[in-house]
Asker: 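Pasting a structure here, questions to come.
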Amino acid sequence: MLAINGLQVRYGAIVAVRDLSLSVAEGELVALVGANGAGKSTTMAAIAGVVKPSTGTITFLGQSLRGRSSEAIAGLGVALIPEDRGIFPSLTVEQNLRLGAYLRRGQKDLGKDFASVYRRFPILAERAKQGAGTLSGGEQQQLAIGRALLSRPKLLMLDEPSLGLSPTMVDRMFELIDELHRDGTTILLVEQNVRRTLEIVDRAYLLTNGRLTASGTPEQLRREVDIAGAYMGGRAAAAGDISEGRTG
Amino acid sequence: MQTFLQFILNALSLGSIYALMALGLVIVFGILRLVNFAYGELIMVAGYAWFALQGPGWPWVLLAVGAVIAAGVVSVLTERVAFRPVRSDSLNAMLVTSFAVSTLLQNSALLLVSPRARAVEVPSVLNNSIEFGGLRLGVNDLVTIVVCGAVLLALGALLRRTTLGIALRAAADDFRMLRLLGVRADKVIATAFAISGVLAGVVGVLWITRIGAVTPTVGAAPLLIALIAVVVGGMNGLAGSIVGGYLLGTLTVGLQLFLPQEVLAFRDAFIFAVVIIVLVLRPQGLVKGRYSAERVA
Ligand SMILES: Nc1ncnc2c1ncn2[C@@H]1O[C@H](COP(=O)(O)OP(=O)(O)OP(=O)(O)O)[C@@H](O)[C@H]1O
Ligand SMILES: [Mg+2]
């Protein structure tokens with residue numbers, strides 16, 4: 001469904017992702033893990049058309065995404081929930097959701113989908129008329145996911161959905177992703193919580209300083225890589241050559 | 001008491017024009033971080049459209065609608081032709097473009113019409129006033145208040161209820177995210193310019209019928225007023241510009257009414273003094289907004 005080949009993304013002189021190749025098949029749940037600054041968010045941003053790759057190809061459902069705007073890529077069925085969740089604080093919860101359904105406006109089964117989002121996230125129904133900026137972090141994450149689901153994405157990309165959530169919310173988040181996967185949604189997941197992630201995914205890629213250093217099924221990864229080591233190593237290396245002030 | 005009610009009425013009338021002026025400027029600023037210096041010329045376009053349409057004796061409403069449409073169309077055209085091509089360049093490129101568009105439109109009026117003021121026919125009823133409990137209510141003021149109120153309500157409904165309106169507000173929050181949801185940037189920006197143009201058109205009609213004439217530089221004063229209202233009210237939100245507009249209108253009318261005759265000539269100096277005091281005390285403007293610092297390419 002999604003195939004990336006030889007992807008390189010740079011921000012000025014910084015090469016954030018280099019020679020990255022990965023694929024996601026229909027119905028798969030694939031994770032992209034790695035230390036801070038490894039290039040995970042950048043990879044997702046490149047897929048979604050937010051940043052332009054300098055080299056490499058990205059194809060989605062057989063179509064090249066090169067040169068397409070992020071709205072066009074969204075139109076093809078790719079939904080990205082960014083690290084910062086991208087909630088519109090000036091809008092109500094309901095209006096946020098309505099924009100999630102933007103690409104399907106006018107379709108008659110929308111009401112049903114709204115109902116199912118509200119069923120999945122009852123707090124959103126409760127807060128429907130409330131300003132989205134007043135929601136807690138966990139509630140905002142639910143809103144971001146509900147909003148993305150309303151577009152009925154063919155590929156759902158979640159960037160660190162458990163970031164900043166309470167332990168109970170983290171549990172719920174992993175359950176939810178697992179559930180969405182079982183329901184047949186194709187998902188590309190970026191996570192810091194590697195242990196939990198490897199419990200639910202079909203396959204994972206390990207990214208270190210912009211390069212792929214390992215990939216495979218959770219069993220393979222656990223066997224072949226000292227995940228904790230790669231993490232610490234990656235983090236130490238990352239701290240060495242990047243400074244603060246990333247936008248993620 | 002009588003003077004006070006008179007004051008309220010005049011302040012409301014002028015304030016609501018100022019509020020619309022400021023809104024038209026801020027609706028584009030919120031999305032593009034662009035202060036559109038060609039905004040005043042949209043008001044001028046409305047004036048000349050009125051001037052061009054008058055004569056055959058068409059109903060006033062038709063002239064007004066024609067003028068508003070003209071300003072809206074020109075606004076959308078400037079976006080399409082001038083701003084869109086430079087949007088991905090620096091913000092400075094857009095600012096310079098807006099100066100260029102402003103000059104171009106002014107010079108077109110100079111060439112095509114005349115550098116001299118052109119009188120517009122003002123509906124005579126606007127100059128009438130209604131006696132009401134010892135109070136003289138100018139029809140002009142009443143019409144202004146009602147029209148601006150209706151436009152504000154309509155705009156509020158548009159921004160709150162329609163999908164495109166909601167998208168417009170979302171764009172001011174986080175344009176990148178809006179595009180990730182599949183909303184076309186071009187469409188949102190064109191809508192913002194259309195609304196801005198329509199507001200300029202309404203302001204233009206009210207302004208020009210107040211002055212009774214249109215000149216190529218007629219938009220300069222409204223632009224300055226809108227800028228001041230926006231800065232005082234707060235750049236970062238629609239509410240701020242409305243507050244700023246009404247405040248500035250009230251201040252202007254108040255000084256006009258209560259300043260002693262000898263210093264009346266310095267009214268604007270007093271206005272600027274108040275503006276400066278406000279900005280010293282609250283540099284971010286009176287109403288706190290939440291527009292982010294990012295802008296869309
Ligand atoms: N807008 C930007 N401008 C310049 N450099 C950037 C920008 N965004 C990211 N980078 C750099 O690119 C590299 C990869 O960043 P990225 O956000 O993709 O990492 P990440 O794996 O998502 O990290 P984290 O786990 O902290 O979210 C980092 O070195 C970062 O400093
Ligand atoms: Mg990241």
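These numbers come from a predicted model, not from an experiment.
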Asker: Which atom names give the shortest non-hydrogen contact between B:Arg176 and A:Pro82, and what distance separates them?
Answerer: NH1-CB, 3.7 Å

Asker: Could you state the interatomic distance from CD1 (B:Ile166) to CG (A:Leu97), rounded to the nearest 0.5 Å?
Answerer: 11.0 Å

Asker: Counting only heavy atoms closer than 4.5 Å, note whether A:Ala48 contacts chain B via side chain, backbone, both or neither.
Answerer: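 Both parts, heavy atoms under 4.5 Å.
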
Asker: Okay, side chain of A:Arg98, backbone of B:Ala167: is any donor-acceptor separation there less than 3.5 Å?
Answerer: no

Asker: Can you tell me how far the CZ atom of A:Phe88 sits from the CG atom of B:Leu178, to the nearest 0.5 Å?
Answerer: 5.0 Å

Asker: Give, for atom CG of B:Asp174 and atom OG of A:Ser90, the distance between the pair rounded to the nearest 0.5 Å.
Answerer: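 So the gap between those two atoms works out to 10.5 Å.
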
Asker: What pair of heavy atoms forms the shortest contact from B:Leu181 to A:Ala74, and how long is it?
Answerer: C-CB, 4.1 Å

Asker: Count the heavy atoms of every other residue, nucleotide or ligand shown that sit under 6.0 Å from CZ of B:Arg160, and state whether that count exceeds 12.
Answerer: no

Asker: Does A:Gln130, at its CD atom, have more than 12 non-hydrogen atoms belonging to other residues, nucleotides or ligands within less than 6.0 Å?
Answerer: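 Check passes, neighbour count above 12.
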
Asker: Roughly how far apart are A:Gln95 CD and B:Arg169 CZ, rounded to 0.5 Å?
Answerer: 4.5 Å

Asker: With a 4.5 Å cut-off on heavy-atom pairs, point out which of A:Leu76, A:Val78, A:Leu80 contacts chain B the most.
Answerer: A:Leu80

Asker: Quick check: closest heavy atoms across A:Ser69 and B:Arg179, and the distance to 0.1 Å?
Answerer: CB-NH2, 4.0 Å

Asker: Between chain B and each of A:Leu103, A:Asn96, A:Leu150, count heavy-atom pairs under 4.5 Å; write down the option with the most.
Answerer: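 Sorted descending by pairs with chain B, the first entry is A:Leu103.
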
Asker: Rounded to the nearest 0.5 Å, what separation is found between the CG atom of B:Leu164 and the CZ atom of A:Arg105?
Answerer: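 That separation rounds to 8.5 Å.
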
